[in-house]
Amino acid sequence: MVWDSRPSQFSSCRRRGSVLTGSMTQVRTRFAPSPTGYLHVGGARTALFNWLFARHHGGEFVLRVEDTDAARNTEEAVRAIFDGLRWLGLDWDAGPEKDDGRGPYFQSQRTGIYERHLDALTEAGRAYVDEGGAVRFRVPEQPVTVDDKICGSRTIDLVEEGSTCYDPESKQNVAANPDFVIRRADGSFLFHFVNVVDDIEMAITHVIRGGDHLANTPKHVALFEALGCPPPEFAHIPLILNKNGSKMSKRDEGASMDSYIREGFLPEAVRNYLSLLGWSPKDDREKMPIEDIIALFDYDHLNHANAKFDMEKCQWLNSEYLADVDAETFVKRARDWMEGTGESMWQDEAAPTVDAALRVMQPKIKHLPEIKEHWPRFFADDGVDAEAGAKVAGDPGAKDQLGVVRSHLAQVEDWSEDSITGALDAAAGELGIKKGKFMFGLRVLATGAAQGTDLLPTLAVVGQERILSRLDRRLAEIFG
RNA sequence: GACCCGUUCGUCUAGCGGUUAGGACACCGCCCUUUCACGGCGGUAACACGGGUUCGAUUCCCGUACGGGUCGCCA
């Protein structure tokens with residue numbers, strides 16, 4: 001028995017084994033990203049699902065960094081993963097900076113552990129060195145059965161499967177060695193092997209991952225068996241596709257988690273939206289507190305079909321959350337975002353005025369970058385939108401009406417929303433028309449645009465002097 | 001090319017043999033309103049196709065088509 005001389009491995013298997021036989025051992029899920037670029041939205045969603053599953057079962061969520069490919073890994077990518085997960089509120093119970101005794105949680109620091117398991121495999125006759133000096137795993141002669149909690153069960157013959165591979169050049173299948181490489185000639189280990197070893201060592205009980213890993217799973221099951229451990233439960237979740245229906249790539253809108261951070265999305269909103277891709281509460285709820293999602297999160301609520309990412313709906317959900325935050329929080333969020341843009345235009349205005357303007361914008365905003373569109377309507381004194389200006393110019397009564405409105409606004413003593421309303425009422429009375437008649441023209445003149453924030457509060461925030469000078473200049477500009 | 005997986009409005013989805021096929025985003029219309037919105041109400045819009053099974057299929061089975069994934073000394 002290989003395991004007799006390796007008590008630590010044996011005990012970790014037993015621990016996991018007891019989970020599978022239904023005793024009370026803890027559920028342990030993991031997110032195991034490779035730090036080769038940025039945190040992908042699909043990866044974040046995988047992390048989220050693992051986190052939800054662990055939380056639902058009162059278990060633990062583990063973060064493991066799969067950095068065995070030294071050539072492609074970067075420090076920045078590691079940071080992006082941490083930042084993205086923390087931003088989403090996906091706290092890990094074990095992982096980098098939080099070792100529970102099963103670490104380290106960077107694979108690049110676990111070579112000794114892999115060597116131990118490789119020795120066991122070699123002793124058992126399941127691994128050998130090939131002509132090139134790399135170590136290969138001898139795949140089982142018997143087909144392996146993969147029981148996926150979402151995709152169902154099927155049996156695959158690894159020898160047959162692996163004996164050919166597709167050559168894109170010649171567009172045909174060529175002969176191949178079904179025994180896959182688990183260690184390079186330079187001594188570094190490869191994904192399939194380290195992934196399985198660590199799932200054993202880290203006592204992972206449930207593997208929830210993207211459907212792109214489905215085809216790898218027979219290899220993993222074979223490895224678990226060869227290492228003498230029962231495999232965890234597998235659940236392959238549908239992929240997130242871009243608008244065009246293909247796999248999301250870095251160029252696609254919303255593909256990178258840091259874009260959400262940069263654009264000032266609310267993490268709760270993004271988390272909520274992501275949880276709705278491939279999972280459903282199976283009732284009509286969409287906007288849901290995370291506690292409710294946790295309570296309902298299980299295999300039965302997961303879908304099988306890939307989902308296209310819909311940025312518009314993500315923004316809508318963001319606006320729903322944005323509407324819930326109090327004004328003070330909104331202003332803070334908005335200011336954080338503004339500062340992050342590095343734009344100079346924010347700098348010129350007095351802080352209280354900016355805060356007041358942001359409060360007026362809040363109900364209109366779905367997505368913080370929209371502040372950029374609203375900003376000039378408050379703070380730019382020149383330039384009227386051409387189409388809007390033409391519309392006002394084309395209204396025969398507008399010129400005189402707006403002149404009257406201007407004179408009433410000029411007489412206001414304590415410039416406020418109420419006093420402005422009073423002035424407008426007085427103007428309407430003098431003209432013998434309803435206010436609605438000139439509101440559009442006033443909006444265009446006062447803000448330079450046909451649409452925007454609620455007009456009265458906007459006028460109040462911008463200030464009397466500024467509004468009057470805009471009216472004068474633009475009246476002249478439009479009516480020549 | 002081989003092997004897997006999938007297929008309900010444009011998009012996310014509910015549905016698990018008998019429903020006027022429901023909700024949400026987006027879109028359109030109406031109402032509300034001092035403006036832009038919000039909101040309220042209403043509308044357009046889907047079971048990929050062909051065979052079975054069944055008294056009856058969106059639901060079950062088999063094909064076809066389409067979409068996706070995998071086939072590395074990447075993860």
For nucleotides [N] and [M], find the distance between their [atom1] atoms and express it as a whole number of Å.
N      : M      : atom1 : result
B:rA21 : B:rC27 : P     : 27 Å
B:rC4  : B:rG43 : P     : 46 Å
B:rU8  : B:rC49 : C1'   : 15 Å
B:rA57 : B:rU64 : P     : 23 Å
B:rU58 : B:rA14 : C1'   : 12 Å
B:rG67 : B:rA24 : C1'   : 24 Å

Between [N] and [X], is there an OP1 or OP2 to side-chain N/O distance shorter than 4.0 Å?
X        : N      : value
A:Lys282 : B:rA14 : yes
A:Lys287 : B:rC12 : no
A:Asn195 : B:rA75 : no

Polar atoms only, N or O, under 3.5 Å: list the protein pairs with nucleotides 29-31 of chain B and their distances.
none

field: Shortest non-hydrogen separation from A:Ile365 to A:Ser319 and the atoms involved
entry: O-CB, 4.0 Å
message: Please find the pair of heavy atoms, one from A:Arg110 and one from A:Asp198, that lie closest to each other, and give the distance.
response: NE-OD1, 2.8 Å
message: Under a 3.5 Å cutoff, is there a donor and acceptor pairing between the side chains of A:His301 and A:Asp298?
response: yes
task: Determine whether the side chains of A:Asp258 and A:Ser256 contain a donor N or O and an acceptor N or O closer than 3.5 Å.
output: yes
- prompt: Can you say whether the rings of A:Tyr260 and A:Phe309 are parallel (under 30°), tilted (30 to 60°) or perpendicular (over 60°)?
  reply: perpendicular
- prompt: How are the rings of A:Trp279 and A:Phe297 set relative to one another: parallel (under 30°), tilted (30 to 60°) or perpendicular (over 60°)?
  reply: parallel
- line: For A:Lys149, the side chain to side chain donor-acceptor pair (under 3.5 Å) test, sequence neighbours excluded, returns none
- line: With sequence neighbours left out, the residues meeting side chain to side chain donor-acceptor pair (under 3.5 Å) with A:Arg470 are A:Asp381
Which nucleotide, in any strand shown, forms a Watson-Crick or G-U wobble pair with [N], with both distances under 3.5 Å?
N      : value
B:rA46 : none
B:rU59 : none
B:rC66 : B:rG6
B:rC71 : B:rG1
B:rC41 : B:rG29
B:rU54 : none
B:rA24 : B:rU11

- prompt: Which of residues 68-79 of chain A sit near RNA chain B, with a heavy atom under 4.0 Å from it?
  reply: A:Thr68, A:Asp69, A:Arg72
statement: In numerical order, the residues of residues 181-188 of chain A whose heavy atoms come under 4.0 Å of RNA chain B are A:Val181, A:Arg184, A:Ala185
At 4.0 Å (heavy atoms only), tell me whether [X] reaches a base, stays on the sugar-phosphate, or touches nothing.
X        : value
A:Ala307 : sugar-phosphate
A:Gly278 : sugar-phosphate
A:Arg285 : nothing

query: Do the numbers put A:Arg45 on top of the ring of A:Phe49, so that NZ or CZ is under 6.0 Å from the six-membered ring centre and no more than 45° off the axis?
result: yes
NZ or CZ of A:Lys313 within 45° of A:Tyr273 ring axis and under 6.0 Å: no
query: With sequence neighbours excluded, what pairs up with A:Thr68 under the side-chain contact (heavy atoms from CB on, under 4.5 Å) test?
result: A:Gln107, A:Val194
field: A:Arg209 side chain near A:Thr217 side chain, heavy-atom distance below 4.5 Å
entry: yes
query: With sequence neighbours left out, which residue pairs that include part of residues 155-166 of chain A fulfil the salt bridge (Lys or Arg N to Asp or Glu O under 4.0 Å) condition?
result: none
Review item, side-chain donor-acceptor pairs of residues 396-406 of chain A, under 3.5 Å, at least two apart:
| unit_1 | atom_1 | unit_2 | atom_2 | d |
| --- | --- | --- | --- | --- |
| A:Arg406 | NE | A:Asp472 | OD1 | 2.7 |
| A:Arg406 | NH2 | A:Asp472 | OD2 | 2.9 |

message: I want to know whether A:Phe53 and A:Tyr299 have ring centres closer than 6.0 Å.
response: yes
For the pair [X] and [Y], find out whether any cationic side-chain nitrogen is under 4.0 Å from an anionic carboxylate oxygen.
X        : Y        : value
A:Glu225 : A:Arg126 : no
A:Arg285 : A:Asp292 : yes
A:Asp199 : A:Arg64  : yes

task: Please tell me which of the listed nucleotides, B:rC12, B:rC73, B:rG6, lies nearest to the side chain of A:Glu286?
output: B:rC12
- prompt: Looking at the side chain of A:Arg154, which of B:rA75, B:rC25, B:rC5 is the nearest nucleotide?
  reply: B:rC5
List the atom pairs, with distances to 0.1 Å, where a side-chain N or O of residues 427-442 of chain A and a protein N or O form a donor-acceptor pair under 3.5 Å, not counting sequence neighbours.
| unit_1 | atom_1 | unit_2 | atom_2 | d |
| --- | --- | --- | --- | --- |
| A:Glu430 | OE1 | A:His408 | NE2 | 2.6 |
| A:Lys435 | NZ | A:Asp425 | OD1 | 2.8 |

- prompt: Under a 90° cut-off about 0 for the syn range, is B:rC38 syn or anti?
  reply: syn
- line: Readout for nucleotides 59-71 of chain B: B = base within 4.0 Å of protein heavy atom, S = sugar-phosphate only, - = neither; 5' to 3' it is ---------SSSB
- request: Do nucleotides 32-38 of chain B as a string where each nucleotide becomes B, S or -: B if the base has a protein heavy atom under 4.0 Å, S if just the sugar-phosphate does, - if no protein is that close.
  value: --BBBS-
Write down the protein N/O and nucleotide N/O pairs, taken from nucleotides 42-46 of chain B, whose separation is under 3.5 Å; answer none if there are no such pairs.
none

- line: 5'-most contact on RNA chain B (nearest-nucleotide basis), A:Asp284 vs A:Thr36, goes to A:Asp284
message: Name the residue from A:Tyr114, A:Phe224, A:Phe137, A:Phe180 that meets the ring-ring contact (aromatic ring centres under 6.0 Å, His included) definition with A:His192.
response: A:Phe180
